[in-house]
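What you see is a predicted model, and the numbers here were worked out from it, not measured in a lab.
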Amino acid sequence: MQFLNPAVLAGLVAAALPLAIHLLHRGRARPHPFSDLAFLRQLHHNRMRRVQLRQWLVLLLRTLVIALVICAFARPTYQDGGGWSNTRPVTAHLLIDLSYSTRYRLPSGTLFSQLQNQVRDLLAIFTARDRISLQPFARRPAPPLEGDRDFLAERAAELAPRQEAGDLRAALHAAARALDPAADPDRDRELFLFTDLAHHNWDQLHAANLDTSFSRVYVITPPVAPRPNAFVADVAVPSWMLAAGNKIAVQVDLAHYGTSALEDATLDLFVGGERVRRQSIDLDAHGSIATEFNFSPRNAGRLSGHVELEDDALALDNRRYFTIDLPTAITALLLGDRPDDTYYPRRALGAATLSDPAFAVRSGLLSDLDATALDGVDVAVLCNPRRLAAAQKALLVDFVAAGGGLILFPGPESDLSYYNRDFLPGLTPARLKERVGAPGNRDSYQTLDPTALSHRLLADLLPDRDGPRFYASFAIAPAPELSALARFADGRLALASSWQERGRVAVAAFPLDPRWNDLHLSGLFAPLLHRMVRELSQPPDRRVSYLVGETVYRRLDRLAIEAAVAAEAPSGERLRLEPERVDGQYRWKIPQVDEAGIWRLRAGDEIVDLFAVNIDTRESDLAPVDREQVRRVFGDVHFLQPGDDLRLAVLGNRYGRELWREFLLLALALLALEQWVARAPRDVQPQTA
């Protein structure tokens, strides 16, 4: 048994004091008024003995009542299994879930407000000898806060859910570091996890990979109840053939987790802050659907927009943002040693100009390449070049460094030693090795591997079979700076790209020659070349959509690194940025994007860049994870919900079962007995002088 209050001993001494005084008082001899009458004296003596016994019993009962009341206020406890309970001090670590799923609204308030109330109630039970730390977490854990319970209660009251998904693994690793037993081996370690138990992350946790050897683990969660939620899972905008005036199809994926179907929900498309389309949709109780919006943008440039589903109990995931780049003009320059070298590309790209109003094609001979030939050109396509003059090579290097795009198809009679020694260095890290295969040998060939794509350039273009055949090709030596655009079926690089200063260079492993391949005869050639030109002409990160909580790097090719650039969040808050060298290029770094919406980069009053930031919809599955799965992570775990007596649950597990109720009831019973014993006996008359 354990008495939590050290004043118990003093209380018990005070309770026994009346009994001691009574004993001393009874030790004194007093004359008896009827000493000459033996009979009466004996009778009186017997009656007085009964009175004295009754008085002794009353005094004993009163002493026991006082002692029991004192013990009740001392909150005695008892551990199952017997023996003294654990009296070691405690190090407690409180993990508080700030992921956006805790924003879910119930009639009684948000899930997070209920967790906050539980944090406040829990802090009230700790004592001065306990060491407490509080650590909020979402995508990553925040630095832990330490202090007394009043300080931590104030900090907890200031917390608010973020727009990030939660990362439980990182949070539990942080908790293990905070509760490292080596730091203070004389303390018990208690972990308190305040969370809504949303599904995300739990299936990725394994006890073997986590330090869960805490003394006790508590999971405090709002009531487990159905939490229906509909949300916009994804928005996809086509990558190619975008131009002002052309129809654009925006594809929208919707999902719903609930117990009943969602009918006639409104879905809106906004572009540039203006609603351009609306439709009604129906969602099954548990499933997803895909729908599409069609609209024709009026202006070129980078447009921003979002798709919005009507509000529900979790409004944050009902929006999905996107950006669209509509080029004003794209000019491609085709160059070859002879007019025949550019014949097939001219025909392919000439057909593209019929459906792409922003696209224009020029062609010429490599011998005419000078500074004026590259004026107004976005992408230069070199078709089967043999050699370039040193001045022409320098022009191309400057063109790419300034942000231009270059596509190289090596010639069938290429001098590989010249290519690798004089031509390619300064433009690309790619190097051409030996020829593989034999030109004109149609019995042996390679095809492109549709499963080995690392870039969306060829998405939906390559057929599963009967694609173009490559009878011969050059081997491209792999390099860390090279990105694979396409591979042959044997794993070799077929198309590779790399950065050079502000521009990009794409190198093909094959020439444009009917003896080497039949690419020019396939339906792949025209859209492939068109897409490559468009890809290399546009900002490389124009389609990148980030998730809340990520670090963002943006290229601003038109700005000097000394320029003053600020990031403007959707809420209007601004952050001064500094350039940072990444992969050999200077990029403007935003350490963390903490809001969903359209972010803007400003140089003075000019908007120089904008991009979309969205939430991680994996957090939108709000159905609470099964408790057995939680036990598989932690082993022995205690679950608590609003309304539970935290003092009884936590202190009961820490010290044992509290017995103050039993002590108080026993004191009341003895008090009633004392009242009955202390009543005046009927056969005893008051003494008279």
Note to self: Looking at Asp325 and Arg302, is there a salt bridge between them, counting it only when a charged N and a carboxylate O are closer than 4.0 Å?
What the structure shows: yes
If you take all heavy atoms of [X] and [Y], which pair is closest and at what distance?
X	Y	result
Ile324	Val237	CG1-CG1, 3.8 Å
Ala300	Thr328	CB-OG1, 3.8 Å
Arg155	Leu145	CB-CD1, 3.8 Å
Leu448	Ala494	CD2-CB, 3.6 Å
Ala623	His199	O-ND1, 2.6 Å
Leu303	Asn299	CD1-O, 4.1 Å

Quick one: pull up [atom1] in [X] and [atom2] in [Y] and give me the separation to the nearest 0.5 Å.
X	Y	atom1	atom2	result
Asn117	Leu122	CG	CG	12.5 Å
Leu115	Thr110	CG	OG1	8.0 Å
Asp317	Glu619	CG	CD	10.0 Å
Ser355	Asn246	OG	CG	8.0 Å
Gln629	Asp626	CD	CG	7.0 Å
Ile248	Asn294	CD1	CG	10.0 Å

Note to self: Is it true that Glu164 and Ser99 share a donor-acceptor pair across their side chains at a distance under 3.5 Å?
What the structure shows: no
Next item on the list: Taking atom types as modelled, find out whether Asp97 and Thr195 have a side-chain donor-acceptor pair closer than 3.5 angstrom.
Entry: yes
Given 3.5 Å as the limit, does a donor-acceptor pair link the side chain of [X] with the main chain of [Y], or not?
X	Y	value
Glu190	Val217	no
Arg555	Trp588	no
Ser280	Asp264	no
Tyr553	Glu580	no
Asn318	Glu310	yes
Arg140	Gly549	yes
Arg278	Leu269	no
Glu568	Glu573	no
Thr102	Leu111	no
Arg139	Ala165	no

Check: Yes or no on salt bridge (Lys or Arg N to Asp or Glu O under 4.0 Å) for Arg169 and Asp167, after CA distance, side-chain angles and deciding distance?
Finding: CA-CA 6 Å; Arg169 179 182 295 276; Asp167 188 343; 5.7 Å; no
Next item on the list: Give the intermediate values and the outcome of side chain to side chain contact (heavy atoms under 4.5 Å, CB included) for residues Leu495 and Met532.
Entry: CA-CA 10 Å; Leu495 282 170; Met532 290 181 66; 4.1 Å; yes
Next item on the list: Decide yes or no on side chain to side chain donor-acceptor pair (under 3.5 Å) for Asp356 and His530, but give the supporting numbers first.
Entry: CA-CA 10 Å; Asp356 188 346; His530 185 202; 2.9 Å; yes
Notebook entry, point to check: So Arg298 and Glu274, salt bridge (Lys or Arg N to Asp or Glu O under 4.0 Å) or not? Walk me through it.
Noted result: CA-CA 12 Å; Arg298 295 188 293 269; Glu274 176 185 354; 3.6 Å; yes
Side chains of [X] and [Y], heavy atoms from C-beta outward: is any pair under 4.5 Å?
X	Y	value
Leu316	Tyr104	no
Val552	Phe611	yes
Val637	Leu193	no

Check: Can you list the steps and then say if Arg275 with Glu308 is a salt bridge (Lys or Arg N to Asp or Glu O under 4.0 Å)?
Finding: CA-CA 10 Å; Arg275 189 178 69 190; Glu308 183 172 352; over 6 Å; no
Item checked: Verdict with reasoning, Asp644 to Gln641, per side chain to side chain contact (heavy atoms under 4.5 Å, CB included) -> CA-CA 6 Å; Asp644 291 346; Gln641 292 187 348; 4.0 Å; yes
Next item on the list: Tell me, with the steps shown, if Leu197 and Val219 meet side chain to side chain contact (heavy atoms under 4.5 Å, CB included).
Entry: CA-CA 9 Å; Leu197 289 179; Val219 174; 4.0 Å; yes
Next item on the list: Please step through side chain to side chain donor-acceptor pair (under 3.5 Å) for the pair Ser108 and Gln114, ending with a clear verdict.
Entry: CA-CA 9 Å; Ser108 57; Gln114 297 186 22; 3.1 Å; yes
Next item on the list: In sequence, state the C-alpha distance, the side-chain angles, and the governing distance for Asp609 and Arg602, and then conclude on salt bridge (Lys or Arg N to Asp or Glu O under 4.0 Å).
Entry: CA-CA 7 Å; Asp609 189 23; Arg602 292 182 177 270; over 6 Å; no
Notebook entry, point to check: So Gln279 and Thr291, side chain to side chain donor-acceptor pair (under 3.5 Å) or not? Walk me through it.
Noted result: CA-CA 10 Å; Gln279 58 178 272; Thr291 187; 2.7 Å; yes
Checklist line | Full working for side chain to side chain contact (heavy atoms under 4.5 Å, CB included) between Phe194 and Leu95 | finding: CA-CA 6 Å; Phe194 295 82; Leu95 281 177; over 6 Å; no
Next item on the list: Kindly determine whether Ser571 and Glu595 satisfy side chain to side chain donor-acceptor pair (under 3.5 Å), including the steps that lead there.
Entry: CA-CA 8 Å; Ser571 62; Glu595 295 181 44; 2.6 Å; yes
Item checked: Geometric class of the Phe192/Phe126 ring pair [parallel <30°, tilted 30-60°, perpendicular >60°] -> perpendicular
Next item on the list: Please confirm whether Arg103 makes a cation-pi placement over Phe112, using NZ or CZ under 6.0 Å from the six-membered ring centre and within 45° of the ring normal.
Entry: no
Item checked: Pairs meeting criterion ring pair (Phe, Tyr, Trp, His ring centres under 6.0 Å) with involvement of residues 260-309, two or more places apart -> Tyr257-His286, Phe270-His306, His306-Tyr321
